[in-house]
Amino acid sequence: MNVYVQNRGVSVEKEKLILIDGNSIASRAFYALPLLSNAAGLHTNAVYGFTTMLLRLIEEEKPTHFLVAFDAGKVTFRHKDYSEYKGGRSKTPPELSEQFPLLKELLPAFGIRQFELEGYEADDIIGTLTRTAQEEGKEVLVVSGDKDMLQLVSDKVTVALTRKGISEVDRYDPAEIQEKYGLTPAQIIDLKGLMGDSSDNIPGIPGVGEKTALKLLHEYGSVESVLEHADDMKGKMKEKIRDHADSARMSKEIATIFREVPMDTEWNALAYSGVQGPELAAMFRKLEFKSLLEKMDFSGADSGDAAEDADAPQAEPLVVRLISEDNIGDLLPALPDVRSIHVEAAGDNAHTAVIIGAALRTGDAGYYVPASVLTAPKAQPLRDWLADGSAEKSTWDRHRAELALAWSGITLSGVTFDVMLAAYLLDPTETSLTLSGMADKYGVPSVAPDEAVFGKGAKFRLPETEVLAAHVCRKADRIERLHAELHERLQEVEMLQLYYELELPLSGVLADMELRGIKVDKAALKQLGDELAVQIDRTMSEIYRHAGFEFNINSPKQLGEVLFEKLQLPVQKKTKTGYSTDAEVLEKLAPYHDIVKGILHYRQLAKLQSTYVEGLLKEVRPETGKVHTYYRQTIAATGRLSSQYPNLQNIPIRLEEGRKIRKVFVPSEPGWSILAADYSQIELRVLAHISGDANLKEAFTNNMDIHTKTAMDVFGVAESEVDSNMRRSAKAVNFGIVYGISDYGLSQNLSITRKEASQFIEQYFAVFQGVRQYMDDIVTEAREKGYVTTLLNRRRYLPEITASNFNLRSFAERTAMNTPIQGTAADIIKLAMVQMDERLKREGLKSRMLLQVHDELIFEVPPDELEVMRRLVPEVMEGALKLDVPLLAEVNDGFNWYETK
DNA sequence: GAGGTCACG
DNA sequence: ACGTACGTGACCTCT
């Protein structure tokens, strides 16, 4: 809040000091946030949380004075009085302690003073400064996660305590402490004296918790007074207080913040005059706080290239030439010199993105061509150049550019390097894959983030033409620079083949598939929707009848109230925010009340209606009657594709009601067929290959039913003795193996005890010893190298594999086991797609590849090619990559997607 | 924008 | 003891 005081007609900002307990806030942030880390492997989550808090405080509080205090020294004066102080506290995890140096480096960039003194804790420093500030009549805000700080509150001193994580704080003034505890700030130490504090190993009076302590204080006022009146109490309480009187006195003393730390308390020494822009930007870059870099917009208005810090490379000024219909003649002679281009288009969905303009970078200038000029008749030579496969250019996201241009009737080819794809291969877990971010990450001159130039969401605006042109040209320039840099890095990690022979060609294949789209029978889909509407209506009435009133079934909150409060059904599971009502819970509740079946049915129908009928209908292009999904090649950490607008990789199949949705996906030409081919057990075959397990390899070489074979081995029975239950268990074990098995996960999945699950796993490893060896080896390898790879050398870094936190480390270990399997399967089908595309072209077939769903490919096929495609597709898929076990692809066709089963 | 739920491999 | 299976995207509610 910004407080102004009228002072002789001039508004003068009131002085305000913020004091932060550095250790407390860093540790709250550390435990509240996932364990982020930067490319150098340094963990940064506590620093990140700290940073967001600083930014918020500066923005909202407008402090004039600022200091962060830290604990210093392992032994404080408190230990002299009480040697057990903070005993039993688990020591600071290394992932947190390594962040303190970063934090102490960050604060100067914020322009914030910091202070620590051997033998004292942060709260003593803060206590001392609040005392002197208050004596001078200054206003203070103390920020901490430690309730002890409340003793410092006064009419001048407010204490803000973090609540659930660090995103929110509760502010306390004397009135609020009175309201919440019925105590004065000074009595907070009495409270501690009585109840103790297990986290600091302060004993208090055993058996006295917050409730009792408050009751005693409300009656007697202080620890001393409580002890004096011990005789007035009865029974156990009397004994407890008498037996632990010394403990209570000492606890109170320990909890009292020392406010006479020998230090400089000069007010002016704490003055705060704002952040050090370039230093802060440099720190954010080092820490890889990309979202903050973008939000802060360090580029400023003076110069577009001002974002660099001292050590970042400077770009020489770029000559920008604005192209119009009148001067397009100037551009044409320069085309042979163009090295990189950038197509700027607005919108997340590449198929509907609106082209803003394009920049072309030659040796000595950047040319900016607005969209209106791109499509003008006079720009035909430019469009011919864009479509010229022998005119080589590099891009950022060639796939997206190709789609956006195609919908404006412009062809893009000749892309020989795509910076975005390269950056993805170098780190497929990169979550904000932006050109601006990659420029900073890989040490080429900065470029402003798009958000800083355009704004985001509803605030999206085109800046004036000169600014826009300069920005897009600068992007083209950075693409050229990153091309050289990333090519070299790909070479260093031996990914050139993966890049040039698989990912880059695939991006073109994907664009072609998506532009073709798949035809949707809209009338049939609407018909399905009408039928669903009737059923949904009926199911809703039934649910309301059981409940006795109407409510929003879609609201988990309202549904929870109905089930667990109104109907008193037994609570099975809680979520962060309340009762869990997911399908697993509802299944368990079904025997208790008839309403539950209705809800399960309603959920199923509602999902189909909203996502697969209404959602899909919205995505059908009126012009073509088709849906054009947008495959994303740089999202999944394992190398898989993902699909959006609409997602065609999660169309229902498991339940018959949903599976009917597939009937509306039809060929785009009359008389043609849909043909689908899927890999059989590709992940387990991959596992057989990379683990080299003899038993597993033999099973696939003999083309056995793998789940039955697993059941035979795990249960030690003959094939004829494997019943459906045994096969089901074996199947679950196989899934578990692929996911990086744990006994707990398997026990959940099979509803068996952990012990039984553990025995299954043990049995499995006894007969598939090569698999066990692989699982052990891959985790060790991940720990040693910091990453795992697929068969085609796709790489995924796993910094958390060495975490001291059990959960984080276990997660990383399961990922180490799973990623080579899932990722190699992704490599294989991607290879098949590139090869399939070539074969279709080479053999002049009219059949078209339409979709990929992780382990299957879907085509539309004219009648006269059905026979050849039934043979060709499995042949290409099975031959995509040679493994130690055969790959098997099964093919089916029909007149719609549903019939390909 | 986050959280819950559920669709797929 | 810790508390999860691996990888995604869309829709809905609620803050």
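Order of the sequence lines sets the chain letters (A, B, ...), proteins ahead of strands, with each chain counted from 1. As a basis for the values below, the full set of heavy atoms in this structure was taken, side chains included, without hydrogen atoms, waters or symmetry mates.
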**Prompt:** Nearest of dG4(B), dG9(C), dC12(C) to any side-chain atom of Thr575(A)?
**Reply:** dG4(B)

**Item:** Minimum-distance nucleotide (side-chain atoms of Ser610(A) versus dA10(C), dA5(C), dC11(C))
**Value:** dC11(C)

**Message:** Can you identify which nucleotide, out of dA5(C), dT8(C), dT5(B), has its nearest atom closest to the Pro556(A) side chain?
**Reply:** dT5(B)

**Request:** Calculate the interatomic distance between Gln633(A) atom CD and dG9(C) atom P; express it in whole Å.
**Result:** 14 Å

**Message:** Among dT4(C), dG3(B), dG9(C), which nucleotide has an atom closest to any side-chain atom of Ser742(A)?
**Reply:** dT4(C)

**Request:** With P as the reference atom in both, quote the distance from dT4(C) to dT5(B) in angstrom, rounded to an integer.
**Result:** 14 Å

**Message:** Less than 6.0 angstrom from the centroid, inside 45 degrees of the normal: does Arg754(A) satisfy that with respect to the ring of Tyr744(A)?
**Reply:** no

**Message:** Ring-plane angle category for Phe551(A) and Tyr544(A), please: parallel below 30°, perpendicular beyond 60°, tilted otherwise.
**Reply:** perpendicular

**Euclidean distance, atom NE2 of residue His854(A) to atom C1' of dC6(C) [Å, nearest integer]** = 12 Å

**Prompt:** Looking at the side chain of Lys576(A), which of dG3(B), dC14(C), dC2(C) is the nearest nucleotide?
**Reply:** dG3(B)

**Prompt:** Considering only the P atoms, how many Å lie between dG4(B) and dA5(C), rounded to the nearest integer?
**Reply:** 13 Å

**Complete:** Closest to the side chain of Lys557(A), out of dA10(C), dT15(C), dC6(C), is dT15(C)

**Message:** On the side chain of Gln649(A), is there an atom forming a donor-acceptor pair with the base of dC8(B) - under 3.5 Å, no angle test?
**Reply:** no

**Request:** For this output row, return yes or no: ring centroids of Phe30(A) and His43(A) closer than 6.0 angstrom.
**Result:** no

**Message:** So, OP1 or OP2 of dG9(B): does either fall under 4.0 Å of a side-chain N or O from Arg654(A)?
**Reply:** yes

**Item:** Which nucleotide in dG3(B), dA7(B), dT8(C) has an atom nearest any side-chain atom of Tyr612(A)
**Value:** dA7(B)

**Prompt:** Counting just side-chain N and O atoms, does Asn647(A) come under 4.0 Å of either OP1 or OP2 of dC8(B)?
**Reply:** no

**Message:** Is Thr611(A) close enough to dG9(C) that one of its side-chain N or O atoms is under 4.0 Å from OP1 or OP2 there?
**Reply:** no

**Prompt:** Should Leu888(A) and Glu890(A) count as side-chain neighbours, where that means a heavy-atom distance under 4.5 Å?
**Reply:** yes

**Request:** Determine the contact category for Leu746(A): base if any of its heavy atoms lies under 4.0 Å from a base atom, sugar-phosphate if only primed atoms, P, OP1 or OP2 are that close, otherwise nothing.
**Result:** base

**Request:** Please determine which of Ile828(A), Thr824(A), Ile682(A) meets the side chain to side chain contact (heavy atoms under 4.5 Å, CB included) test together with Leu883(A).
**Result:** Ile828(A)

**Message:** Using OP1 and OP2 only, check whether a side-chain N or O of Arg796(A) sits under 4.0 Å from dG7(C).
**Reply:** yes

**Request:** Please work out whether the ring planes of Tyr579(A) and Phe564(A) are parallel, tilted or perpendicular, with thresholds of 30° and 60°.
**Result:** tilted

**Asked** Closest to the Ala637(A) side chain: dA10(C), dT8(C), dT13(C)?
**Response** dT8(C)

**Request:** With heavy atoms under 4.0 Å as the rule, sort Tyr679(A) into base, sugar-phosphate or nothing.
**Result:** nothing

**Options dA5(C), dG7(C), dG3(C), nucleotide nearest the side-chain atoms of Thr815(A)** = dG7(C)

**Message:** I need the CG-P distance between Leu687(A) and dG9(B), as an integer number of Å.
**Reply:** 20 Å

**Item:** Contact under 4.0 Å: Gln644(A) side-chain N or O vs dG9(C) OP1/OP2
**Value:** yes

**Prompt:** CG of Asn650(A) versus C1' of dT5(B): gap in Å, rounded?
**Reply:** 13 Å

**Prompt:** Is there a donor and acceptor pair, one atom on the side chain of Arg640(A) and one on the base of dT8(C), closer than 3.5 Å?
**Reply:** no

**Item:** Between P of dA7(B) and CD1 of Ile661(A), the distance in whole Å
**Value:** 12 Å

**Prompt:** Under 3.5 Å, side chain of Lys731(A) to main-chain N/O of Met726(A), donor-acceptor pair present?
**Reply:** no

**Request:** Please work out if Gly615(A) contacts a base, only the sugar-phosphate, or nothing of the nucleic acid, heavy-atom cut-off 4.0 Å.
**Result:** sugar-phosphate

**Request:** Give a yes/no answer on whether the side chain of Gln748(A) brings an N or O atom under 4.0 Å of OP1 or OP2 in dG3(C).
**Result:** no

**Asked** Ring-on-base stacking between Phe811(A) and dT4(C), under 5.5 Å between centres and under 30° between planes: is it there?
**Response** no

**Request:** Would you indicate what Asn552(A) reaches in the nucleic acid, counting non-hydrogen atoms under 4.0 angstrom: base, sugar-phosphate, or nothing?
**Result:** sugar-phosphate

**Touch class at under 4.0 angstrom, heavy-atom based, for Asn818(A) against every strand present** = sugar-phosphate

**Base dG3(C) to side chain Arg754(A), donor-acceptor N/O within 3.5 Å cut-off** = yes

**Request:** Kindly say whether, by distance alone, the side chain of Ser810(A) makes a donor-acceptor pair under 3.5 Å with the base of dT4(C)?
**Result:** no

**Message:** When you measure from the side chain of Thr900(A) to the backbone of Asn896(A), do you find a donor-acceptor pair of N or O atoms at a distance under 3.5 Å?
**Reply:** no

**Message:** Return the pairing partner of dA1(C) with a 3.5 Å limit on both distances, Watson-Crick or G-U wobble; otherwise return none.
**Reply:** none

**Item:** Thr581(A) vs dT5(B): side-chain N/O to OP1/OP2 distance below 4.0 Å
**Value:** yes

**Asked** Ala757(A) near the nucleic acid: base, sugar-phosphate alone, or nothing, with a heavy-atom cut-off under 4.0 Å?
**Response** nothing

**Message:** Classify Ala825(A) by what it touches in the nucleic acid, base, sugar-phosphate, or nothing, heavy-atom distance under 4.0 Å.
**Reply:** nothing

**Request:** Please report, rounded to the nearest Å, how far the C1' atom of dG9(B) is from the CG atom of Leu851(A).
**Result:** 14 Å

**Request:** In whole angstrom, give the distance that lies between atom CG of Asn749(A) and atom C1' of dA5(C).
**Result:** 8 Å

**Request:** Would you mind classifying the nucleic acid contact of Val853(A) as base, sugar-phosphate or nothing, using non-hydrogen atoms under 4.0 angstrom?
**Result:** sugar-phosphate

**Message:** Tell me which nucleotide, if any, is Watson-Crick or G-U wobble paired with dG1(B) when both distances must be under 3.5 Å.
**Reply:** dC14(C)

**Request:** Say whether, by atom type as modelled, one donor and one acceptor occur between the side chain of Glu95(A) and the main chain of Ser804(A) under 3.5 angstrom.
**Result:** yes

**Message:** Counting only side-chain nitrogens and oxygens, does Arg814(A) get under 4.0 Å of the OP1 or OP2 atom of dC6(C)?
**Reply:** yes

**Request:** Report the nucleotide, chosen from dT5(B), dG3(C), dA5(C), that has the shortest atom-to-atom distance to any side-chain atom of Ile741(A).
**Result:** dA5(C)

**dG3(C) versus dC8(B) - spacing of their C1' atoms, nearest Å** = 26 Å

**Asked** So what does Ile635(A) touch, heavy atoms closer than 4.0 Å: a base, only the sugar-phosphate, or nothing?
**Response** sugar-phosphate

